[in-house]
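Read through the structure below, which is laid out as structure tokens, and then see the notes.
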Amino acid sequence: MSASVSITPPDQPAVTVLPNAIKGLPDIEEAPNVCSRRARQQIDLILLAIEALDLGGSEAILIVAKELQLKSIIKNRVHLWRLRSSNPLRRNSQRRPLKAIEAKALIAIIGYIARRLTVVVRQLLLVHRQLLEKGQPLESHFRLNDYLQRFRVHFRQRMNPRRAGVMAYDSDEKLNGLAISLLEQLLFCTGTAGEKRLWVSLFDGEI
Amino acid sequence: MQLQRSYSLPNCTLTLEGMSDPSAGPNLESSMTILVNVVCQFLGKEAPLSGGREFFTHLVNTVSHYAQEQLSGLRSRVSQEGLVRLRRLDNGLHQIAVYDAPEGQPATAGSVQTADLSTVQLFDLVEAIDQFLADGTALPDLKFSLSPLPKREVPSQVPVAQRAAAPALGVAGVAIAAAVLFGLPLPEINRPLEERLEGQGDKVEAVQADDAAAAAGAALESSPGAEDGENALAEALNPRRVITDGETLAEIQTRVQADLNEAWTQPLGVGEDLAYRVSADADGNIVGYQGLSDLAQDNADRTPLLDLLYLPPEGTRVDSEALAQLKVVFTANDQLEVTPLTAADLEQGLENGPADGDAGEPEAVAPGETEDRSLVQGGEGAGRDSAEGGSRARAVTAAGLVQTQPITDSAAIAELNQTLYRRLDEAWVEPPSFETALEYRVQLSEAGDVVGVEPLNLAARTYGDEIPLGALQRAQARPNSAAEFKAVFKANGVLEVSPWDGL
């Protein structure tokens, strides 16, 4: 009788099977495994827009993460906060890199929630276009004003005012402009290939 | 078989009409492989965009790239080229332009169809195209793969003018600084030998120059303005009148020696003696010098001769009425010897040094002959010159000392020793600041006066100011006889005086 001891290699890293949500996002060959500053910034701001659109936005992100089986990547609320805080413009910006797989997970969540908010997004953009054409102030429309105001408050609360990137948005008009452009980006995320487009656009100019 | 595919969205409807390839085999669901016409109709716009395969290819390309642009904010070239172009207007609308160019010819501004789209309408177009791309049964060979914008396309985001501002500013700054500094005058290089000795008159030919002097003059380094300089130097070295008076010559000699001692603070670093022919005026200023050997000439800048060279102010000339000709030797063991020049020096170039011959030979020259020895100009008593050459073998003629007969009475020497010691001890009151001993060779006359002082080492020359020897020395007519002593001033304040030749 011989006792055989087999030494198995240690477990593979946590995510061996990619969740379906991420499978559609291809790995870019020449791109490094971590995201650029611009990428971290953009993801965080889009999530900020989602929170400003919908009162339950913050919770929704966590719930969707669970639904899409992304818990292995985004473990809990604090971890989500740390991921988002890799945005260099944040007040308590964490000096941690945002790994590609983490970015993919966040983008999958963004796409999912954006599709759920399609109607709202389209409506607000149409309203915005109408108000511009008529020359009326943006505060006229209740929903749009609500969104813009919430966005401004959240932005000023969370972003570090000493950063040059934040000082560029020092007035309400400029923040409104940023809010609208984020809304447009969210619109593109609602499309069939929305997540893929967003993911690839993160690497524009990086490779 | 005619096929139609239609992708309709709230604001945009994309309709493809085409045919399937019959040779592909009978399929229930045939793919449209040949595109006949595509129509893109926007809600609210009367005229649809339509075209064939080429138009559609460009449309797909441009719209897709433009959508990426909207997401990342970085513009790409593709959306600005080709048959279909998209750009963002200032009011937030997107303008799509379709150029109607025949096949194969570049797009011109002739016939173009434009439409302004809101973001929502644009998105619907993007979505329609994405749905088409996802549809495998419609033009499966028309693929579009999303790829990030390469880095090399990104720098064009900032307009060239803005980017070029910084380097342009830098270049302008350099140019301005260069222009300003260009106005500064170049520093003048003072070449001491040739150029600075002002013209001593045009009567160069009248100057008596013997062959040796001419040969020596020809050995001068050439320099710009060399002619004038050489003439001036030649005149300085061969003045019309030479000081021959013994007393004056002795004074000049003493002056020159004292100046050189003061100025000579660093060892030369040359292993051999350097001998120079030096012209000095009546005040003891050195007005010209020239090495008597090639080695001396090359190393002239190591000696303090250049520092002491007297440069007359502009416009005046060196008073060439009467100059003294001296020979200055910087010996290898850091001793300085200043003696009057003889023709023998010139002819032989570098003499072997005054240590030739018997050291004990007494000085056989009478005071009356000293005057004659100061003459340089040629052909004066070659016989006497050779005799002088031999009799000058002793180092008695070394710097600072006078040529006299030595006192031989030992008792007298002992007494003078005491006298000297007392004198020096009384006079030396400053605490010494030097670290090595200063050694001097002192000549005392019979009366006990210091008539000659020669520093023996570098330290003595450097710190000579602290020693009262200079004050004690009295320039006077040469005594008949003198005794030599060696005086050592030690760093710990001890003074030692002993006869030079021993007791």
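Per chain, numbering begins at 1; letters A, B, ... match sequence-line order. Both backbone and side-chain heavy atoms feed into the values below; hydrogens, waters and symmetry mates do not.
Residue pairs meeting the salt bridge (Lys or Arg N to Asp or Glu O under 4.0 Å) criterion with at least one partner in residues 42-65 of chain A, sequence neighbours excluded, are A:Asp44-A:Arg84, A:Asp44-A:Arg90, A:Glu51-A:Arg84, A:Glu51-A:Arg158, A:Glu59-A:Arg77.
Taking 4.0 Å as the cut-off between side-chain N and carboxylate O, A:Glu184 and B:Arg88 count as a salt-bridged pair. The pair B:Asp130-A:Lys196 does not meet the salt-bridge criterion, since no charged nitrogen lies less than 4.0 angstrom from a carboxylate oxygen.
Contact annotation for A:Ser181: neither backbone nor side-chain heavy atoms come within less than 4.5 Å of a heavy atom of chain B. In this structure, the portions of A:Gln185 lying under 4.5 Å from any heavy atom of chain B include both its backbone and its side chain. Heavy atoms closer than 4.5 Å to chain A are found in both the backbone and the side chain of B:Ser64.
A pairwise comparison of heavy atoms in B:Gln68 and A:Asp204 identifies O-OD2, 4.0 Å as the closest pair. B:Ala67 approaches A:Arg197 most closely through the heavy-atom pair CB-NH1, 3.7 Å. In terms of heavy-atom proximity, A:Arg38 sits nearest to B:Ser72 at NH1-O, 3.4 Å. Closest approach of B:Phe123 and A:Thr190 over heavy atoms only: CZ-OG1, 3.2 Å.
Most heavy-atom pairs under 4.5 Å with chain A, from the set B:Leu122, B:Leu9, B:Asn91: that is B:Asn91. Highest contact tally toward chain B, considering only A:Thr192, A:Leu182, A:Ile28, is held by A:Thr192 [criterion: heavy-atom pairs under 4.5 Å].
More than 12 non-hydrogen atoms from other residues, nucleotides or ligands lie less than 6.0 angstrom from CZ of A:Phe155. No more than 12 heavy atoms of other residues, nucleotides or ligands lie within 6.0 Å of CD in A:Gln69, so this atom counts as exposed by the packing criterion. Within 6.0 Å of CD on B:Gln2 lie no more than 12 heavy atoms contributed by other residues, nucleotides or ligands. Within a 6.0 Å radius of CZ in A:Arg156, other residues, nucleotides and ligands contribute more than 12 heavy atoms. Annotation: B:Asp141, atom CG; neighbour count of heavy atoms from other residues, nucleotides and ligands within 6.0 Å is above 12.
A donor-acceptor pair under 3.5 Å is formed between the side chain of A:Gln42 and the backbone N or O of B:Leu71.
The contact list for residues 112-138 of chain A toward chain B, using heavy atoms and a distance under 4.5 Å, reads A:Arg122, A:Leu125, A:Leu126, A:Arg129, A:Leu132 by residue number.
Rounded to the nearest 0.5 angstrom, B:Thr119 OG1 and A:Phe188 CZ are separated by 7.0 Å.
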